Amino acid sequence: MNDPRTAAASVVDPEIRVITIDELGILRAVEKDPASGRVTVTITPTYTGCPAMDVIRADIRRALAVAGHPDAEVRTVYSPPWSTDWISDSGRAKLAAAGIAPPAPVPAAGVVPLTLAVRCPHCGSPETEQVSRFGSTACKALWRCRSCSEPFDHLKAL
Amino acid sequence: MNGPFDFTLALGDDALIAAQRLAEWTTRAPEMEEDIALANIALDQLGAARLLLSYAGELEGAGRDEDALAYLRDDRQFRNVLLVELPNGDFAVTMAKLFFLAAYQLPLYTALAGCRDERLAAIGAKARKESAYHLDHGALWVKRLGDGTEESHRRMQAAVDQIWPYTHELFAADPAAPVDPATLRSAFDETVDAVLAEATLTRPESRWAPAGGRTGVHTEHLAYLLAEMQVLHRAHPGAKW
Ligand SMILES: [Zn+2]
């Protein structure tokens, strides 16, 4: 039987498969009741409408069952709200390696400024432009590099 | 409105109906990026609607979940404002609706984040971050069209004129609610005035103020919207993909 925390943390995000839910910062807690053996996992969504949540819940239960914890419950909490600041350094490095520009630090309260320089994950150039603030998934925006002309995804600061 | 149930239901209905209208643009938006943007905003609204309606069902305590509230009520039982049920019109009308709704929802969710009800506070804290993006997107198009060509200016002004009267209903006073909508008016006005000025558009005079949505008296458009939204669930209760 393996550690339930390690098992839950190994689940990858179904929409960004290079990064685990732990690195993404949506895995909030893993607790095991010593008496009953029941594991309770707490997660939080990136966006309220994130359609990947059902898959993530199922993947967590499957990973725990494989690790020897068939009795598992996955709870979803909304407070405190997820922030891109919760993405770990290793997560950011993996995003960049997969061609997804990681988010900048979240500015203080108020409207998110959209003029921050985003570096091209392909060639490193800061000469980039936003094509659309809404991308292939709720958490991404579509950008384009003016130096190498490649389009790329950018995880929006939230 | 009366208690927290009515308040939560009303906000949930606003988000749900707004989501359904925005989703009508999917595969029909003027460009690919806009298609994706509107679908994303619809998804955010749907996410907020699910949280609010689920909580409303718990507050009611009659065993109704989010699906029962979304799919098994008739138009007279919906509590959304008229603004969100109005047809999409041309792209300018859709942007006017999106912009006015976001300029209201952002201060609303921000105030909700600080209210005493823990569940509503959590929903507000989550949804306000998304609303900031919606407001930014709507404002961008209002400016781009308003300060664009002669034709785009004409159509954006016509859209603002058409939708403006429906904004008053958003701020109907409800002192007993967790957040009194009347207190959001100044933040809304400030945002709207700044954006319209930059867009070289004129804010219409406030004469006519249609209302009734919060008490279930809707335009004829809502019943058609609900018929399409509810048909699958009513034909196949509990159907799953
Ligand atoms: Zn590049």
Side-chain angles (χ1 to χ4, degrees), chain A residues 15 25-26 28 42-58 75-86 103 105-116 129-144 151-158, chain B residues 12 15-16 19 22-23 29 31-52 54-55 102-103 106-107 109-110 112-114 117-141 191 194-195 240-241:
Chain A
E15 287 185 336
I26 64 175
R28 305 307 298 156
T42 308
I43 56 173
T44 194
T46 53
Y47 283 72
T48 52
C50 178
M53 290 302 282
D54 287 335
V55 177
I56 292 172
R57 284 187 204 100
R75 293 172 53 229
T76 307
V77 296
Y78 296 92
S79 181
W82 178 79
S83 162
T84 40
D85 286 347
W86 294 356
V106 178
V111 175
V112 182
L114 294 149
T115 46
L116 296 169
E129 61 188 352
Q130 180 178 266
V131 178
S132 173
R133 73 201 56 203
F134 297 94
S136 55
T137 65
C139 53
K140 287 183 260 169
L142 185 60
W143 284 61
R144 175 166 52 212
F152 63 90
D153 278 334
H154 168 50
L155 215 75
K156 292 184 280 194
L158 186 80
Chain B
L16 178 67
L22 283 171
E31 55 189 26
M32 180 68 94
E33 289 76 15
E34 195 54 31
D35 206 283
I36 294 166
L38 294 176
N40 267 291
I41 295 171
L43 195 59
D44 288 344
Q45 292 284 4
L46 186 63
R50 292 186 62 180
L51 296 180
L52 288 161
S54 294
Y55 185 41
L106 180 57
Y109 289 141
T110 303
L112 215 55
D117 184 309
E118 263 181 42
R119 288 281 292 279
L120 287 176
I123 295 170
K126 186 84 197 143
R128 73 173 162 186
K129 292 175 158 206
E130 297 168 6
S131 280
Y133 273 103
H134 306 169
L135 180 59
D136 215 43
H137 191 73
L140 186 125
W141 273 110
T191 304
V195 170
K240 279 192 164 45
W241 291 112

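So you know, we letter chains A, B, ... as the sequences are listed, proteins then strands, and number each from 1. Note that the coordinates shown come from a computational prediction; the quantities given were computed from them, not determined experimentally.
Relative ring orientation between B/His134 and A/Phe134 is described as tilted, the plane-to-plane angle lying within the 30° to 60° band.
Closest non-hydrogen pair, A/Pro51 versus B/Leu43, comes out as CD-CD2, 4.0 Å. Here the shortest heavy-atom pairing between A/Trp82 and B/Lys129 reads O-NZ, 2.8 Å.
Although no hydrogens or angles enter the test, the distance criterion places no donor-acceptor pair under 3.5 Å between the side chain of B/Asp44 and the main chain of A/Gly49.
Between the CZ atom of B/Arg50 and the CE atom of A/Met53 there is a distance of 10.0 Å, given to the nearest 0.5 Å. To the nearest 0.5 Å, atoms CG (B/Leu46) and OG1 (A/Thr48) are separated by 8.5 Å. Atoms CD and OG, from B/Glu31 and A/Ser132 in turn, are 8.0 Å apart once rounded to the nearest 0.5 Å.
Between A/Tyr47 and B/Lys126 the shortest side-chain heavy-atom distance does not fall below 4.5 Å. A 4.5 Å side-chain heavy-atom check between A/Ser79 and B/Arg119 finds every atom pair outside the cut-off. For the pair A/Arg133 and B/Leu140, the minimum side-chain heavy-atom distance is below 4.5 Å.
Open room surrounds CZ on A/Arg144; 12 or fewer heavy atoms of other groups in view lie less than 6.0 Å from it. Around atom CD of A/Glu129, more than 12 heavy atoms belonging to other residues, nucleotides or ligands sit under 6.0 Å away.
For A/Thr76, no part sits under 4.5 Å from any heavy atom of chain B, backbone or side chain. The contact between A/Thr137 and chain B is made entirely by backbone atoms, counting heavy-atom distances below 4.5 Å.
Most heavy-atom pairs under 4.5 Å with chain A: of the set B/Ala122, B/Ala19, B/Ala37, this distinction falls to B/Ala37.
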